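The chains referred to below are lettered A, B, ... by the order of the sequence lines, with proteins before strands, and numbering in each begins at 1. Note that this is a predicted model, so its numbers are computed, not measured.
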Amino acid sequence: MDVTHILEGMNDRQREAVSSPLGNSLVLAGAGSGKTRVLVHRISWLVEVEDVSPHGVLAVTFTNKAASEMRHRVEQLLGISVRPLWIGTFHGLAHRLLRIHWREAKIPQSFQVLDSDDQLRLVKRVMKMLDLDEQKWPSRQAVWFINTAKDEGRRPRHIDTGGDLFNITHLRVYEAYEEACQRGGLLDFSELILRSHELWLENDDLLRHYQNRFSQILVDEFQDTNAIQYAWLKVLGSRAGLMAVGDDDQSIYGWRGARVEHIQRFSKEFQGVTIYRLEQNYRSTGNILKAANALIDKNQDRLGKRLWTAGEDGDAILLYAAYNELDEARFIAERTREWIDGGASPGDVALLYRSNAQSRVLEEALLRLSIPYRIYGGLRFFERAEIRNALAYMRLVANADSDAAVERVINTPPRGIGDKTVERLRQHAREQDTTLWRAANDLVADRGPADRGPADRGPADRALAGRAANAVKGFIELIDSLTEQCEGKNLEEIVRLAIDNSGLMEFHGSEKGERGLARKENLEELVAACGEFGGAFVLPIDPQGLPSQGTEDLLSEFLDHAALETGEHQADSNASSVQLMTLHSAKGLEFPLVFMAGVEEGLFPHRMSLEEPGRLEEERRLCYVGITRAMKQLYFTYAETRRLHGSESYNKPSRFIADIPADLMQEVRIRNEVTRPLSPAWEDDEGSLRLGQRVAHPRFGEGVVLNCEGHGERTRVEVNFEQVGPKILMLSHANLELLNDS
DNA sequence: AGGCTCTCTCTTTTT
DNA sequence: GAGAGAGCCT
């Protein structure tokens, strides 16, 4: 057989990895070393050379984007449909298993996937039921407790509280939450994996079936696996050949339970693991690589790896010290403009930052220079309120017993069903051990003396007041008629009916300002998305027998899709716009020109990570990921003062800058410029005073001018004094002495 | 019930 | 600075 096309154009290490024997292997693949390529070609190799049936191949990734890219490239290379291969994210694959084996997994066929927002809401409600003080017990913390436990494979019964009140309380929440999930047929993200893991452990035949079926397993981004995912792989892959591909230096999801140690554990716990190292980098210039290597060298816990390139050194890394975040943004936008004017595509440029909150000023600066851009992260499409509302109506059409959906839209748009009424429905549902939907129907249908509240409640609590009853009746009729009208309709028609009949479109569309318009557009986009969804999504039926129980309709499938595919908003490399994203979401991507903004102590490394050495190392790895995204030119920028979250902060340049050898870096100095137009008084009286100017004050000593605001007599300047820190002074009274730049 | 304002908190990263 | 929640007015 002619296999040259599979190994063509690869270096020796890549070739070895691709053609590795069928057993277990670990590929330590540095940034830009052709990792995805190796994975894709490995699959081809397995199928074409080793004669592995496509049925027998399972490939796991962490993001939906990586999964679809892999699917694409395998399809191209193999020239066959990838339908029989299982390629997906851990969550996607686990979900697929549970859809097939819901009975064995002891969950209702109509189970619903909870996304993080749903989860938070539910935890909040559970905590309210437990009468926990929200001040003392923040719900986010409880969510964190639950998710951490699940990510480590721990059910409530496995938890040892050690008599600690914190643990005891959260364990109670965990138990109650789990009960609520079980009752409502709700599975959160971690539950998908945990549950499918248990599914195998408790069903020998089933496990054996999948162990036999998947003879070859490939795992991407192995350094990102958490305990339960590792256990999942270990159970499934105990008899398979497993190829784990990862890079310990790019492990940036420790906060989500990922453990780099799984790389080491893998080579110990799996048999005969062959290790391959991909260290030749095809992406970045020599200088960029040197910087990356020097930086990551400061970390203690490493498997050890050194990237090299056969290419040129390239330009120095440029560093710009901005006066403030506006100046930083302006600088980045201007340099981007120059780059584009020089003939490059906007899509070649990435603006990376530590946290989403930084994106706004960058966005505004790009806007001013009319540079097309695209922001990733922040609120994703399916997380927007209007979209979630629409989905809730769609969910009610599919399954009116979904409490989460009823809670969400029973009074959205407002139709006269307030807290009191909903609380009464909840109470009734609890007493009758039924769903909100049924409780509502009950209470409206017969308001007889049947149900009695606790003795200490007044009679008014037992039934719904006339007005409320009518409102609830209206809601029930709306859903009933909607369901009826949706009968036999396609997905697009269903959303249309849902958003029009419910009044959502009108409600959101008439919200004040641009918001209303944006929401309306989003809803229209949802309609379009439903249109496209059509038949494109392949039903998760196991082609190897094991009958899938019950074919689901497209509507339920779409709702699952919306829950799992939270984004679709991962960067699109062929988009012709500047890409703004967090360092986390930049992993796996590459750009000729990269700006890393806000490289300041406290921001990056983030202040939340400063205490623990382990977390600091993770921040450094994050920086390493950022640096290695750059192909030709890399900029670091930081601001001496930054307005973030409503207050000013003064940060030192990040330690990461100092980690990089000075000879690789060059500082950009633009002295006689100011960041914003100065008021006339400012210019007239103090022509030579500018932002960044060094000044001396009789009392406070020396400092740097950070900002100015106000006009004429009332002009105020902000000066960061070396001795006493930042002060805002009235310019006319401050008596500042101008100093020369050093 | 709903809408308004005021106050408070929480500020990382995401499948 | 934004979003959530409480309190007050209609």
Short side-chain N/O contact to [N] OP1/OP2 from [X], under 4.0 Å:
X        : N      : answer
A:Lys150 : B:dT15 : no
A:Thr421 : B:dA1  : yes
A:Asn356 : B:dT11 : no
A:Arg415 : B:dA1  : no
A:Asn226 : B:dT15 : no
A:Thr582 : B:dT14 : yes

Is it the case that [N] (base atoms only) and [X] (side chain only) share a donor and an acceptor within less than 3.5 Å, ignoring hydrogens and angles?
X        : N      : value
A:His91  : B:dT15 : yes
A:Arg354 : B:dT13 : yes
A:Arg140 : B:dT11 : no

Tell me which of A:Met608 and A:Phe507 sits closer to the 5' end of DNA chain B, going by the nucleotide each one is nearest to.
-> A:Phe507
Return the 5'-most residue of the pair A:Phe62, A:Ala468 with respect to DNA chain B, ranking by each residue's nearest nucleotide.
-> A:Ala468
Minimum heavy-atom distance between A:Arg330 and A:Ala365, given as atom pair plus value | N-CB, 4.1 Å
Does the side-chain ring of A:His584 sit on the six-membered ring of the B:dT13 base, less than 5.5 Å centre to centre and under 30° in tilt?
-> no
A:Trp255 on top of B:dT13's base, within under 5.5 Å and under 30°?
-> yes
Tested for salt bridge (charged side-chain N to carboxylate O under 4.0 Å, His left out) against A:Arg354, the lone hit among A:Glu601, A:Glu619, A:Glu600 is A:Glu619
According to the Watson-Crick and G-U wobble definitions, with both distances under 3.5 Å, which nucleotide is paired to B:dT11?
-> none
Mutual orientation of the aromatic rings belonging to A:His584 and A:Trp255 [parallel < 30°, tilted 30-60°, perpendicular > 60°] = perpendicular
